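Data block below; observations after.
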Protein chains: 2
Amino acid sequence: MGISYREAGVDIDAGDDLVERIKPFAKMTRIPEVLADVGGFAGLCAVPGGIDEPVLVSGTDGVGTKLKVAFLTGVHDTIGQDLVGMCVNDIITTGARPLFFLDYFGTGKLDVAVAENVVKGIANACKEAGCALLGGETAELPGMYAAGEYDLAGFTVGVVARAKIVDGKRVAEGDKIVGLSSSGLHSNGYSLARRVLFDAMKLTPSDKPEKLGGKTVGEALLAPTRLYPRHVQAVLAAGVDVHAMSHITGGGLPGNLPRVLPDHLGARLGKPWKRPAIIELIAERVEEHELRRVFNLGIGFAFVVPADQAARTVEALVAIGEQPVDLGEVVRMPDGTDFEARVVFP
Amino acid sequence: MGISYREAGVDIDAGDDLVERIKPFAKMTRIPEVLADVGGFAGLCAVPGGIDEPVLVSGTDGVGTKLKVAFLTGVHDTIGQDLVGMCVNDIITTGARPLFFLDYFGTGKLDVAVAENVVKGIANACKEAGCALLGGETAELPGMYAAGEYDLAGFTVGVVARAKIVDGKRVAEGDKIVGLSSSGLHSNGYSLARRVLFDAMKLTPSDKPEKLGGKTVGEALLAPTRLYPRHVQAVLAAGVDVHAMSHITGGGLPGNLPRVLPDHLGARLGKPWKRPAIIELIAERVEEHELRRVFNLGIGFAFVVPADQAARTVEALVAIGEQPVDLGEVVRMPDGTDFEARVVFP
């Protein structure tokens, strides 16, 4: 008898089982452009009609060590929303409408139930973001991951008419910045958050420190990344001439607002907003400067709009049940101001 | 002093350094459709003009534990070609032309030199495949990977006119199957290969077993996955009415040829072809049945074409320096034949 693949740690049957289990999830996310039942090796999606000079907008991301919190708590059905959010919230900053999403799931030994929960979370988030879960790869790599662990990567493609690309080039002094709240840390800064909460403060995921107001540490840390496609659609549909949009991801406000502003401009943030409880807890052990450049501080996404269209922007967001944050305004910066210094905190 | 992100294991400066180092690689791969200098959060690529009803074709994949061979040998500049090959060779089976590629690189502690080599390999392969390296994510996840290890995921998008999608539906009895040789194992079956070579045979990567004819085990295992986009373009450009194309990836010939054949048809393989030396070596410890369903056996890609166009297919491939393999022909199968049994070996 020779050596078998299964004996070497790869269970093709488990992989096939997973594929069957996740088919309904993918089907649930279908959009009219998807060509189903074609392409045994790939996912097919038509370029939507009626878009002048369509431009594809693409991004990839992971969820960092937020995964470690999923492993610790055994909660695997929301980390998929984080994955979709990290990718989709990036591409919509250009004004693109998300079209489809693909995921990569790498693990040492495939646990079909865990993987199914992860993909279910991905599919639910794709549905909410309006994009099709068009494909994915589940890779069993014996000896590459610790028992019970996995890594995730997401990829997404959206589409926008060339003339409607939002690129920040028209941002001007006096433009207003309207923020959308985050649900917590989203998917950034978890290595620092875990170091503070678990190592320094000796908390466990089931602890309920007073600052969290009844929530456990695990619940607060696992709050899924918010999905902002419908917010972007609402503001664009209201006819607002959006000058720029920023996803407040790794690097926080100082790392992300300047990414969409012309070099000579910065953001002067106005009155302080309410920060999430989990941020206040972490702030006990992290200096303010570091806190700002690692965490989103409660703001997950921002619109930069002409001052006379700020009210319309807010109205459009309130109309879909959002409570937008008046973040501040765009100001001229002295020549040679450092990138991160172009965001001035109150 | 509070706790810093760096102290928690994430070095933002190393990440920024890497981004600067890989910029020239990405630039080298640009195609005219790429909108450079736009999109701080995403990669932008126009849908090429002149394509009737353009359909996007997308796929994602990893390279499995071929990575472990890269770690063992310290050779990191070819695994990127494997990543591109695994993704691109999938999508071109539909007749799509590759447009762009994105990579995800996950590691515990970022080694900038290693990551740079990996991305260099990705960029070189993108250049050869004709697609732009449009974006990527380098994720530092402390505690998720063993020291010196990383995982890779790739994602690619291509485009094809709706009427020109190759979907296998017109495959008919009597069609000829033309194969393209692989360079070795490509990126499948490495958990079994490593088990056989390193554990059972006690070989090391620097050993030169007689069967490998002067090559080391490491060299034979790391032979980069061949890229087949130019082969597909050559055959399509020759006007061949290609009925189906198959990427011989995980699952080998029995797992991949039937994926593009109508249910009632199978593939009768003709005379045996020369198998790569590394396959012959592994065959000493793996039964033929298992060998066939895990490894590509020396065939990396296959065209299914009308019998009267087989000669033209071969000519088009010979004209670009290829030595195609006459694999066999499409035959009718008894009702209810198992999926894998629809490939009949000589």
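Not measured: the values here are computed from a predicted model. Chain letters run A, B, ... following the sequence lines, proteins first, then strands; residues in each count from 1.
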Residue [X] versus chain B: region with a heavy atom under 4.5 Å:
X        : result
A:Leu134 : side chain
A:Glu287 : both
A:Leu67  : side chain
A:Thr93  : side chain
A:Glu7   : both

Quiz item: Are B:Tyr145 and A:Asp151 linked by a side-chain donor-acceptor pair shorter than 3.5 Å?
Solution: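 A pair is found: one side chain offers a donor N or O, the other an acceptor, under 3.5 Å apart.
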Using 0.5 Å steps for rounding, measure from the [atom1] atom of [X] to the [atom2] atom of [Y].
X        : Y       : atom1 : atom2 : value
B:Leu35  : A:Leu56 : CG    : CG    : 10.0 Å
A:Leu192 : B:Ser4  : CG    : OG    : 7.5 Å
A:Leu102 : B:Asp61 : CG    : CG    : 11.0 Å
B:Leu141 : A:Lys68 : CG    : NZ    : 9.0 Å

Please look at [X] and chain A and tell me whether the side chain, the backbone, both or neither of the residue comes under 4.5 angstrom of a heavy atom of that chain.
X        : result
B:Val294 : side chain
B:Leu152 : backbone
B:Ala153 : both
B:Thr138 : neither
B:Asp103 : backbone
B:Phe71  : side chain
B:Leu99  : side chain
B:Val47  : both

Measuring only between side-chain heavy atoms, which start at C-beta, is [X] closer than 4.5 Å to [Y]?
X        : Y        : result
A:Leu44  : B:Thr94  : yes
A:Ser58  : B:Val157 : no
B:Val260 : A:Phe41  : yes

Self-check item: Minimum heavy-atom distance between A:Glu290 and B:Arg6, given as atom pair plus value
Solution: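 Scanning both residues, the minimum pair turns out to be OE2-N, 4.4 Å.
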Practice problem: State, to 0.1 Å, how close A:Ser191 and B:Tyr5 come at their nearest heavy-atom pair, and which atoms those are. | Solution: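 Taking every non-hydrogen atom into account, CB-CE1, 4.4 Å.
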